[in-house]
Amino acid sequence: MKRLIIAIDGPAGAGKSTVAKLTAQKLNYNYIDTGAMYRAVAWQTLQQGVEPSNQAIAELAQNLDLKLDYRNGKTNITVAGQDITEAIRTPEVSRLVPKIAQVAEVREVMLKLQQDMAGLGGVVMDGRDIGTHVLPQADIKIFLTASIAERAKRRWQELVAKGYTIQLSELEAEIAYRDKEDCERELAPLLAAPDAIHIDTTELSIEATVKKIIDLCKEKLTGV
Ligand code: CDP
Ligand code: CDP
């Protein structure tokens, strides 16, 4: 049976990675978290105390020994063998990453890696520019959204569960800043592809969202 290419884009907290992972598990496909790749560059920048000039960040991205390993519903991310899966989720990394993602050379390196990883199909990839730039040939393109209040609440709950002390209003501001930076940047901005299917998850459960995507895959595979 044909193995599909599924692209899922949308803003922070819309549910992309949760829904993408579950979809990949159900279909026995690979899952690629492209946000984690940009986060890894931001993490390394902070780690090395690199002067955040475009040239320094570009060099760092070009030499980054980055690996993503998706197994049993979980992605492990390493840089030079060091596990950074959790370390890339800190508020500090979240604040820096939209700037890193605006550097042309960083995007070039990531684009090539992502296209290579997608291979011939059987993949769910999520991010901001997957349907528009990375995999414009994708069989299914989803654009996930949710209200900013709901997205901030989701992120807040996650961080509080991990032991962070952070105000909900702080997260609303961070997400609004990231939305603006990602939507207004010149290179590969956050944008729905013209042929993307929009799903608003503000009041839609994870399970219902995954079902919608699986139904779309079935339709595609059976030609219905
Ligand atoms: O998980 P969350 O939605 O908070 O963000 P993410 O998917 O981990 O992405 C972090 C950041 O990486 C985004 O805010 C973008 O600045 C950047 N990014 C991008 O530019 N292009 C992508 N394909 C994925 C992420
Ligand atoms: O990848 P993205 O930033 O778009 O979002 P996520 O990390 O998949 O989801 C953020 C949080 O929202 C997670 O804790 C999900 O469990 C939760 N979520 C939810 O409550 N309802 C949904 N329909 C989707 C996600």
Side-chain angles (χ1 to χ4, degrees), residues 6-26 29 31-40 42-43 68 70 72-77 84-101 124-131 140-185 189-193 196-216:
I6 305 168
I8 304 183
D9 289 302
K16 300 180 300 298
S17 62
T18 309
V19 162
K21 256 182 244 168
L22 286 168
T23 304
Q25 258 184 315
K26 279 197 194 299
Y29 283 8
Y31 162 61
I32 298 165
D33 177 352
T34 66
M37 300 171 74
Y38 288 95
R39 283 175 178 274
W43 174 84
L68 268 74
Y70 174 70
N72 305 324
K74 196 174 180 297
T75 302
N76 253 47
I77 299 137
I84 57 161
T85 312
E86 288 302 321
I88 58 170
R89 304 285 161 199
T90 61
E92 208 185 2
V93 171
S94 298
R95 273 191 293 274
L96 180 62
V97 68
K99 289 293 177 207
I100 299 286
V124 186
M125 189 179 286
D126 80 340
R128 301 292 187 287
D129 60 341
I130 311 306
I140 293 179
K141 297 181 187 177
I142 306 290
F143 196 78
L144 279 192
T145 54
S147 72
I148 192 153
E150 175 64 23
R151 293 189 282 122
K153 193 182 86 190
R154 290 174 184 172
R155 268 292 129 79
W156 180 77
Q157 282 169 339
E158 278 179 347
L159 288 171
V160 167
K162 284 185 192 167
Y164 286 96
T165 309
I166 191 159
Q167 297 295 315
L168 181 59
S169 58
E170 230 179 289
L171 271 172
E172 268 196 20
E174 183 229 290
I175 286 184
Y177 160 75
R178 224 144 40 94
D179 282 358
K180 188 171 177 326
E181 290 286 316
D182 290 345
C183 290
E184 292 181 357
R185 72 175 175 229
L190 168 61
L191 189 71
I197 293 153
H198 293 243
I199 305 177
D200 186 332
T201 71
T202 310
E203 290 180 28
L204 197 65
S205 71
I206 293 166
E207 295 69 28
T209 312
V210 173
K211 185 178 180 309
K212 268 187 190 234
I213 300 174
I214 296 286
D215 286 349
L216 287 166

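Not a single donor-acceptor pair under 3.5 Å links the side chain of D9 to the backbone N or O of F143. Remark: side-chain polar atoms of T23 are not paired, donor with acceptor, to backbone N or O of V210 under 3.5 angstrom. Remark: side-chain polar atoms of Y70 are paired, donor with acceptor, to backbone N or O of K21 under 3.5 angstrom. Between the side chain of T201 and the backbone N or O of A14 there is at least one donor-acceptor pair closer than 3.5 Å. In this structure, W156 contributes its side chain and I166 its backbone to a donor-acceptor pair below 3.5 Å.
In this model, no donor atom of one side chain and acceptor atom of the other lie less than 3.5 Å apart for R154 and T18. A side-chain donor from one of S94 and R39 sits under 3.5 Å from a side-chain acceptor of the other.
With rounding to the nearest 0.5 angstrom, the CD1 atom of I199 is 4.5 Å from the CD1 atom of I142. The CG atom of D126 sits 12.0 Å away from atom CD1 of I6, with the distance rounded to the nearest 0.5 Å. Atom-to-atom distance recorded for I214:CD1 and K26:NZ is 6.5 Å, nearest 0.5 angstrom.
R128 pairs in a salt bridge (charged side-chain N to carboxylate O under 4.0 Å, His left out) with only one of the listed residues (D182, D33, D179), which is D182.
Annotation: side chain of R89 is in contact with side chain of K162 (closest heavy-atom distance under 4.5 Å).
The number of heavy-atom neighbours closer than 6.0 Å to CD of E92, taken from other residues, nucleotides and ligands shown, is 12 or below.
Under a 4.0 Å N-O distance rule, the pair R95/E174 does not qualify as a salt bridge.
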